[in-house]
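The structure appears below as structure tokens.
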Amino acid sequence: MKDTNVTVKLPKKSDDHPVAMLVQIASRFESRIYMAAGTRKVNAKSIMGMMALGLDDGEEINVSADGADEEAAVEALKGYLTGIAV
């Protein structure tokens with residue numbers, strides 16, 4: 001199990017769909033991946049779950065993964081959430 005806390009720092013562009021992109025990134029990995037904010041925890045591969053979680057710039061969230069490629073999964077999502085190219 002690998003997890004990390006991340007402060008969301010996404011660019012404000014009207015043509016970007018950050019939730020859809022996060023789900024696409026998470027879906028590339030075999031591991032089970034979750035994101036948590038406050039008391040809410042959702043499957044990062046679920047578009048509906050991620051939409052319900054919401055992502056606010058400056059919000060701290062926890063990204064966790066469990067599986068064969070857990071480290072790569074967490075790093076890829078952390079990179080996207082902090083504005084580093086994936």
Exercise. To the nearest 0.5 Å, how far apart are CZ in Arg28 and CG in Leu77?
Worked result: 9.0 Å
For this session: Rounded to the nearest 0.5 Å, what's the gap from CG on Asn62 to CG on Asn5? Could you check?
Result: 5.0 Å
For this session: Carefully, step by step, assess Val63 and Asp3 under the rule side chain to side chain contact (heavy atoms under 4.5 Å, CB included).
Result: CA-CA 5 Å; Val63 179; Asp3 75 325; over 6 Å; no
For this session: Nearest 0.5 Å please: distance from the CG atom of Asp66 over to the OH atom of Tyr34.
Result: 8.5 Å
Exercise. Is there a side chain to side chain contact (heavy atoms under 4.5 Å, CB included) between Lys41 and Met35 once you walk through the steps?
Worked result: CA-CA 6 Å; Lys41 181 177 179 178; Met35 292 195 181; over 6 Å; no
Problem set entry | Pairwise distance CD(Gln24) to OH(Tyr80) - rounded to 0.5 angstrom | 9.0 Å
For this session: Quick one: list whatever passes side-chain contact (heavy atoms from CB on, under 4.5 Å) with Ala37, sequence neighbours left out.
Result: Arg40, Leu53, Glu59, Ile61
Exercise. For Gly49 and Ser46, which heavy atoms make the closest approach, and how far apart are they?
Worked result: N-OG, 3.0 Å
Problem set entry | Side-chain donor/acceptor of Lys45 to backbone N/O of Ile25, under 3.5 Å | no
Table please: side-chain donor-acceptor pairs of residues 69-76 below 3.5 Å, with sequence neighbours left out.
| residue | atom | partner | partner atom | Å |
| --- | --- | --- | --- | --- |
| Asp69 | OD1 | Glu30 | N | 3.4 |
| Asp69 | OD1 | Ser31 | N | 2.9 |
| Asp69 | OD1 | Ser31 | OG | 2.5 |
| Asp69 | OD2 | Glu30 | N | 2.9 |
| Glu70 | OE1 | Met1 | N | 3.3 |
| Glu70 | OE1 | Gly67 | N | 3.0 |
| Glu70 | OE2 | Met1 | N | 3.2 |

Seminar exercise, completed: In this structure, OG of Ser27 is separated from CG of Leu22 (nearest 0.5 Å) by 10.5 Å
Exercise. Does a side-chain heavy-atom distance below 4.5 Å link Met50 with Val42?
Worked result: yes
